[in-house]
Amino acid sequence: MTKIPEKNYDPKSFETRIYGEWERAGCFHAEVDPSRAPYTIVMPPPNITGQLHMGHALDQTLQDVLIRVKRLQGYSTLWLPGTDHASIATEVRVAEEIREKEGKTKDEIGRDGFLKRAWAWRELYGRRITEQQRRLGASCDWERERFTMDEGLNKAVVEQFVRLYEKGYIYKGNRMINWCPVCGTSLSDAEVEHEDVDGQYWYFRYPAADGKGGIVVATSRPETMFGDTAVAVHPDDERYRDMIGKTVVLPIVGREIPVVADTYPDPEKGTGAVKITSAHDPNDFEVGERHGLERIVCIGFDARMTEEAGKYEGMDRYECRKAWVDELTRGGYLVKSEKVSIPVGVCYRCNAAVEPMLSDQWFVKMEELAKPAIEAAKDGSLKHVPERFEKVYLHWLDDIRDWCISRQLWWGHRIPAYYCDACGEVVVARERPESCPACGGAMRQDEDVLDTWFSSALWPFSTLGWPEKTPDLDYFYPTSVLVTGYDIIFFWVVRMVFSGLDVMGEVPFGSVFVHGLVRAGDGAKMSKSLGNGVDPIEVIDGYGADALRFMLIDGSAAGNDMRFTTDKIESARNFANKLWNASRFIIMNLGEGGAEAVPPLEGVDAGRLRDEDLWILEKVARAAEDITRNIESFDLSVATQKIYELIWNEYCDWYIEFVKPRLSGDDEGDKETARAVLISALSDLLRLLHPFMPFITEEIWSFLGKGGRLITDRWPIAAGGGADGAGRNAGAGRTRGEAEAFERAYAKIELVKDIVRAVRGMRKDAGAAPSRALPIVIKPEGAELGAGMETLIGKLANVSSVTVATDGGAQPDDAVSAILTGLTVFVDAGDLFDYEAERERLGKEEDRLEGNIARLRGKLSNEGFTSKAPEHVVRVERDKLASEEDAYGKVLARLASIEGK
RNA sequence: GGGCGUAUAGCUCAGCUGGUUAGAGCACUUGCCUUACAAGCAAGGGGUCAUAGGUUCAAGUCCUACUACGCCCACCA
């Protein structure tokens, strides 16, 4: 008894089940296997801050497609999953939760209590994320799942920190850093975003100390005036030459500050004189360094004014600004002010305005580390797809500054630095020292944790076991490709590359495959605050994971943003439904013995194969090669379009229709042949589609009696020089005779399609009722009409009889005609025929051909074209002209023959 | 200030290294419940590929300029 699929495509009925089967069978597990080439992708670990969004779904789908293709091609494929602790983001969320649930602050709970709750959070959200990934069909090796704060990774982080410290690449220094007053921590440059806000320039007069004149400076941040330590002017600026070396007085504050000459001020800008606040601005800091200025901190870590601000001490920085400007204005120091747009740095997590601050922090010296990373992109060992992203990568590295890696947070890898309070000794070590090596006193560990990206930077090798020398690391590193969004190129890609080169001496991946954002239907960025996010799980519930996956890949080019619309997801779901029903039809027609009784294609006598059989096999073979090429060059959406077209418009629309009469016929042998070809072609279609729609393809596969699982079956054709060198290309190994037979059959069936389409069109034009079968006459004019052509046409065009009008044979005048390449088709529409309509029809054709012929003649009479264009291009144009002229002649003749009727 | 992207059918988008008459999905028109599929079948309509130059035998595709929108980077007081 043959098992037949349910009538309706219902992804819910099998997706979860199939995933479980794959997982239990160990299909995702990768083995170190020296006999095969490895193919490795480390998953960009999603943050445990929440759940997966549409961007993750895209990211994961792309990786899964690549992994599944390579798995089918016979590589030992490892897709290593994991999650990221996302230090600052998670800390903020956990603190929020604690405030809501317990009404307490972080400090009230304490470090240990906080970490306990953070780990609980990690358990909950980490699991939720991996469940969502399973729903999507991610075929990653769960046995190798990692977390950026697990024990092994902590070991890697400590090891790398110590190594860099010992090399002198990590240092602690009192430098200008970005401070987020809300998150209460320092930030790296990458973590600061720039926003333009409405602001103002205030021009204030700083009187000269000697009472003669003064200098007007412009500022957008008057409140930093309390920290001013100089006024700088350009040495060549005539206006201020006399002032250099003198001192001016800070209005109201009364403190005297020097006027220094420095090349930093641009005479063109503002007044050409710049107030220098060496403790609150990176540029001013440098000017201060050059001139040995003191640093006065007037804004504290809480974004409130310090005692340096006198009576404003304790006031918020922006409130102080207002009050202070008022006071200066009243004092007559304000010269003018103007509204202007000011770029301000904000925290990428909480959006608060970042304050440049002087602070003791740990840094990674970037200059030496960046060099090989730049080199890798330039010498091609690291390729970006699409290429344009290499610019983004290089640009970031080119003017990179030292990386501030310490964070004043609790959730993260604690810095392995230890201090002796007794003698001031600092020890950076893999293990906590028992006591101070200098004085024997007690050691205290640094309170701070590391930037979350410090651990992410090690991800491609730390997850494979580094610093241990493991077989995994040896076999799977370097990884094959990194798939990620363009928005985290410098957060992550750059840092992985320089870390990989530093630690392993090799780039962590040869290619970076960059994708864009998934936007809402109106083009807006999906975001929580806008509430326009689409939950991938809800989409999967409604349409199936396969539809979501297909939709995410189809119809968007690599690196470009895409919009999520129901149109698209429905279209993808409909495609799945189409495949489902076609497969169902085939399975229903397998006969008594079911799938097992159908012989494999190799078991069918080649002589039994009909033209349409050869045609579909050839179609599939050609498409398979194309699709493989597209996938290998990361043109995944091109690949999906081709497979969509192949399945729907060739296999379903034509082949299945061609074969229907045979399936209901009496010739058992022929029936068997048709079944064998149907299944063979379908199998390849399933293989080709599987990476994109893994569930439905696996489910259908299980009905085909082929045994095994599709996920671990084989790709239709061998990878170019890949792991599977068996040369399984469907067209490979054919004899010359066979190849010619395929060619002939292919051309013949394409002609049949043209005839069918022409007849359908003519029937419609004539207004023939769909149920009314009409006789047709085919007049061959050079085309080879094989036997069996008539039956193929008859059924598909609703034709009652096909007469081949051999030379001299009857050629009806009172029939609708269509002139095709190598033949003319007449539809005997009987009472519906109308000479006037026929003439109109032919007239249109005449016009069209005239246009074409004129264009082609022009082209071919162009000496430049015939002499310079490649031979095959010219030949195609010549052939085209010849056939158009031929058709034109026939149209004229036909018009003449019915003239006056 | 620097860099990048996008502009192709009413809408959303493909179009790889330049080479037939520029494609798809949705929408639209017409006709169909044809025993796999109305989430479907069949036949159609619809585009001077943003604009202006240029290179070339040949440009949606390459170059230059320009316009509009979008994004990224940036230490302009």
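As the structure is a prediction and not an experimental result, all values here were calculated from the model. Order of the sequence lines fixes the chain letters, A, B, ..., with proteins taken first and strands second; residue numbering starts at 1 for each chain.
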Side chain of A:A869 - closest among B:G25, B:G15, B:G19: B:G19
Distance in angstrom units between A:I696 CD1 and B:C37 C1', rounded: 12 Å
Distance below 4.0 Å between A:W648 side-chain N/O and B:C41 OP1 or OP2: yes
Between B:U17 and B:G60 - P atom distance, rounded Å: 15 Å
Interatomic distance at C1', B:G46 relative to B:U8, whole Å: 13 Å
Rounded P spacing from B:G70 to B:C13 in Å: 15 Å
Partner nucleotide, any strand, of B:G18 [Watson-Crick/G-U, under 3.5 Å]: none
Sugar-phosphate, base or nothing in reach of A:D635, heavy atoms under 4.0 Å: nothing
Parallel, tilted or perpendicular: rings of A:W580 and A:Y9 (30°, 60°): tilted
Over-ring placement of A:R495 relative to A:W403, 6.0 Å and 45° cut-offs: yes
Which nucleotide in B:A42, B:U12, B:A77 has an atom nearest any side-chain atom of A:R563: B:U12
Residue A:R519, side-chain heavy atoms: nucleotide from B:A36, B:C71, B:C75 that is nearest: B:C71
Complementary nucleotide of B:C71, counting Watson-Crick and G-U pairs under 3.5 Å: B:G3
Sugar-phosphate, base or nothing in reach of A:E387, heavy atoms under 4.0 Å: nothing
B:C11 and B:U48, which share atom name P, separated by this distance in whole Å: 13 Å
Watson-Crick or G-U wobble mate for B:U12, both contacts under 3.5 Å: B:A24
Atom-to-atom span, NE2 of A:H280 to P of B:A77 - whole angstrom: 17 Å
Phosphate contact (B:A14 OP1 or OP2) by A:N560 side-chain N/O below 4.0 Å: yes
N/O donor-acceptor pair, side chain A:D567 with base B:C26, under 3.5 angstrom: no
Spacing of the P atoms in B:U30 and B:U35 (rounded, Å): 24 Å
Carboxylate-amine/guanidinium proximity below 4.0 Å for A:K880 and A:E877: no
Value in whole Å for how far the P atom of B:A59 lies from NZ of A:K859: 9 Å
Distance test, side-chain N/O of A:R760 to OP1/OP2 of B:A43, below 4.0 Å: yes
Minimum-distance nucleotide (side-chain atoms of A:Y201 versus B:G31, B:C76, B:A36): B:C76
Audit row: A:S637, A:D554, side chain to side chain donor-acceptor pair (under 3.5 Å) steps and yes/no: CA-CA 5 Å; A:S637 71; A:D554 189 51; over 6 Å; no
Selection from B:A36, B:A42, B:A14 that lies nearest to any side-chain heavy atom of A:D653: B:A42
Pairwise side-chain contact, A:N798 with A:P770, heavy-atom cut-off 4.5 Å (strictly under): no
Phosphate OP1/OP2 of B:G40: any A:N581 side-chain N/O under 4.0 Å: no
Whole-Å gap separating C1' (B:U30) and CE (A:M762): 18 Å
B:A14 phosphate, OP1 or OP2, under 4.0 Å from A:K642 side-chain N/O: no
Side chain A:E268 and base B:A77 donor-acceptor under 3.5 Å: no
Sugar-phosphate, base or nothing in reach of A:K525, heavy atoms under 4.0 Å: nothing
N-O pairing of A:E289 and A:R295 below 4.0 Å: yes
Proximal nucleotide (of B:C32, B:C26, B:G15) relative to the A:V638 side chain: B:G15
For atom OH of A:Y651 and atom P of B:C41, their distance in whole Å: 16 Å
Distance between P atoms of B:G18 and B:C28 (Å, rounded): 39 Å
Below 4.0 Å: OP1/OP2 of B:C4 and any side-chain N or O of A:K391: yes
Separation of B:A27 C1' from A:K568 NZ (nearest whole Å): 15 Å
Whole-angstrom distance between B:A50 and B:A9, as gauged at atom C1': 15 Å
Residue A:W396, side-chain heavy atoms: nucleotide from B:C73, B:G40, B:C37 that is nearest: B:C73
A:K660 to A:F585, cation-pi by 6.0 Å centre distance and 45° axis angle: yes
Between P of B:A74 and CG of A:D189, the distance in whole Å: 7 Å
A:N178 CG - B:C75 C1' separation (whole Å): 11 Å
Aromatic ring pairing A:Y203/A:Y201, orientation class (parallel under 30°, perpendicular over 60°, tilted between): perpendicular
Strand partner of B:C41, provided both Watson-Crick or wobble distances fall under 3.5 Å: B:G31
Which nucleotide in B:C73, B:A43, B:A77 has an atom nearest any side-chain atom of A:H395: B:C73
Nearest listed nucleotide, side chain of A:N630, among B:C16, B:A39, B:A77: B:C16
Side chain of A:P265 - closest among B:A39, B:A36, B:A77: B:A77
Identified pairing partner of B:A65, criterion: Watson-Crick or G-U wobble below 3.5 Å: B:U51
Touch class at under 4.0 angstrom, heavy-atom based, for A:V392 against every strand present: nothing
Which residue lies more 5' along RNA chain B, comparing A:D561 with A:R221 via nearest heavy atoms: A:D561
Under 4.0 angstrom between A:H194 side-chain N/O and B:A74 OP1 or OP2: yes
More than 12 heavy atoms of other groups within 6.0 Å of A:K642 NZ: yes
Sugar-phosphate, base or nothing in reach of A:A582, heavy atoms under 4.0 Å: base
Parallel, tilted or perpendicular, as decided by the 30° and 60° cut-offs, for the rings of A:F550 and A:F575: tilted
Sugar-phosphate only, base, or nothing, as touched by A:N577 at under 4.0 Å among non-hydrogen atoms: base
Sugar-phosphate only, base, or nothing, as touched by A:F285 at under 4.0 Å among non-hydrogen atoms: nothing
Touch class at under 4.0 angstrom, heavy-atom based, for A:T219 against every strand present: sugar-phosphate
B:G25 to B:G40 separation - C1' atoms, rounded to the nearest Å: 16 Å
Sugar-phosphate only, base, or nothing, as touched by A:Y644 at under 4.0 Å among non-hydrogen atoms: sugar-phosphate
Comparing A:S583 and A:V217 on RNA chain B - which has the more 5′ nearest nucleotide: A:S583
B:U20 OP1/OP2 closer than 4.0 Å to side-chain N/O of A:R878: no
Phosphate-side-chain proximity, A:R573 and B:A39, N/O vs OP1/OP2 below 4.0 Å: no
